[in-house]
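Read the structure below first, then the notes.
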Protein chains: 2
Amino acid sequence: MPVRPGQSRHASDNREERARAAAALAHAAQGARVAVVSGGDPGVFAMAAAVCEEIESGPASWRALDVTIVPGITAMLAVAARIGAPLGHDFCALSLSDNLKPWELIEHRLDAAASAGFVLALYNPVSRARPWQFAAAIERLRRHLPPSTPVVFGRAVGRPHERVSIVTLDAADATQADMATLVIVGSRETRVIERPGRSPLVYTSRAVAEVSA
Amino acid sequence: MPVRPGQSRHASDNREERARAAAALAHAAQGARVAVVSGGDPGVFAMAAAVCEEIESGPASWRALDVTIVPGITAMLAVAARIGAPLGHDFCALSLSDNLKPWELIEHRLDAAASAGFVLALYNPVSRARPWQFAAAIERLRRHLPPSTPVVFGRAVGRPHERVSIVTLDAADATQADMATLVIVGSRETRVIERPGRSPLVYTSRAVAEVSA
């Protein structure tokens with residue numbers, strides 16, 4: 001993006017969220033109008049929570065700043081819209097990153113969500129520093145869900161090289177995901193509609209026939 | 001919205017989702033270009049799943065139709081952005097309507113999500129035909145969450161008469177919600193930042209100190 005006259009741009013590493021938030025607030029406290037830019041929705045596993053954390057722990061003057069959060073299309077909604085309506089009924093959004101929470105808690109949340117029949121949208125499935133977590137999560141989900149459960153991998157949806165694929169839970173593996181991938185794991189109510197000459201539709205039925213847990 | 005030349009508009013009751021989807025597909029199969037309009041995101045508790053259901057169960061010719069789903073800002077993202085970042089970490093979206101699933105399953109999902117530490121976004125909390133469900137859900141959540149847990153009620157956010165309020169779980173009650181309300185119930189990691197002269201910010205910390213379940 002070009003910088004307009006009077007603007008300055010401050011790039012930062014994707015992992016340094018709190019430092020980025022603190023820098024933005026410090027600039028704002030000095031009178032600048034500051035935009036913190038995130039892809040997707042800043043409120044979902046992104047910068048809005050980091051900015052709030054810094055406001056809470058920072059100087060009292062930061063609480064006087066006028067903060068506006070602009071919502072956006074978070075990755076799970078973009079991927080879901082490309083493929084049908086897999087989030088058409090109850091679902092959970094879960095980050096697989098164990099940088100800020102213990103892995104045991106992630107396993108507990110996977111168990112709770114899958115066994116109660118929620119569809120799962122998995123953010124941050126893989127990174128260079130976290131190579132094994134996604135495979136472990138899939139292994140965990142296989143305890144609760146049938147092998148035929150649809151799994152959707154959506155990469156960089158909305159960008160020029162977007163890629164969306166559908167597999168079954170028994171065929172899902174970590175080579176299909178990277179840092180830019182959002183993974184949706186269906187529930188027992190998630191169905192695939194094959195369409196001659198068109199890509200399949202994946203959707204989650206709004207009706208539940210019986211208690212699935 | 002005005003009808004442009006060559007357009008026709010077909011209004012329908014909000015509850016007749018499958019009939020509306022079938023009518024849209026029948027028009028499209030006859031060669032019309034059809035838009036099915038939902039508020040928020042059509043993929044989240046809205047029309048996209050109903051359209052997919054009808055494609056699956058309808059005439060084979062409906063599978064040949066070109067269907068595009070346009071994502072949008074679903075209510076929980078709109079409400080979250082107004083108040084801070086309550087969906088900044090793991091969360092579930094759950095419809096409290098027991099029209100299409102048994103109430104026992106909703107209770108089971110409330111238990112599973114709250115005890116595993118997910119923030120909850122509750123869709124369809126109340127309707128004329130479902131007067132007691134929201135109070136029962138809040139009662140259920142009190143088994144798992146401290147009385148001080150933040151609860152956000154967001155009504156018609158983005159519209160002229162929007163209303164957002166924050167209470168604690170012990171003070172939440174059904175009079176605060178109606179059909180147009182989206183309710184966010186925090187987790188143990190959800191915090192309220194008081195700000196002198198400004199409305200409070202509600203956010204969910206990305207960091208979890210210990211297993212909360």
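The figures that follow rest on heavy atoms only: side chains count, while hydrogens, waters and symmetry mates do not. Reminder, nothing fancy here: chain letters follow the sequence lines and each chain counts from 1.
Contact annotation for A:Asp66: both backbone and side-chain heavy atoms come within less than 4.5 Å of a heavy atom of chain B. For B:Asp111, no part sits under 4.5 Å from any heavy atom of chain A, backbone or side chain. Contacts between A:Leu65 and chain B at a heavy-atom distance below 4.5 Å involve the backbone alone (N, CA, C, O). At a 4.5 Å heavy-atom cutoff, the contact between B:Arg206 and chain A is made by backbone and side-chain atoms alike. Using a 4.5 Å cut-off between heavy atoms, B:Ala64 contacts chain A through its backbone alone, with no side-chain atom that close. For chain A, the nearby part of B:Leu201 is the side chain; its heavy atoms alone come within less than 4.5 Å. Proximity to chain A (any heavy atom under 4.5 Å) is shown, for B:Ala60, by neither the backbone nor the side chain. Residue A:Ala121 does not touch chain B at all, counting heavy-atom pairs closer than 4.5 Å. For chain A, the nearby part of B:Thr204 is the backbone; its heavy atoms alone come within less than 4.5 Å.
Note: A:Asp90 CG to B:Lys101 NZ = 3.0 Å, rounded to the nearest 0.5 Å. In this structure, CG in A:Leu100 is found 11.0 Å from CD in B:Glu189, a value given to the nearest 0.5 Å.
Contact count versus chain B (heavy atoms, under 4.5 Å) is highest, among A:Ala49, A:Cys52, A:Ser205, for A:Cys52. Chain B forms more heavy-atom pairs under 4.5 Å with one residue of A:Val202, A:Thr68, A:Ile193 than with any other, namely A:Ile193.
In this structure, B:Arg63 contributes its side chain and A:Glu194 its backbone to a donor-acceptor pair below 3.5 Å.
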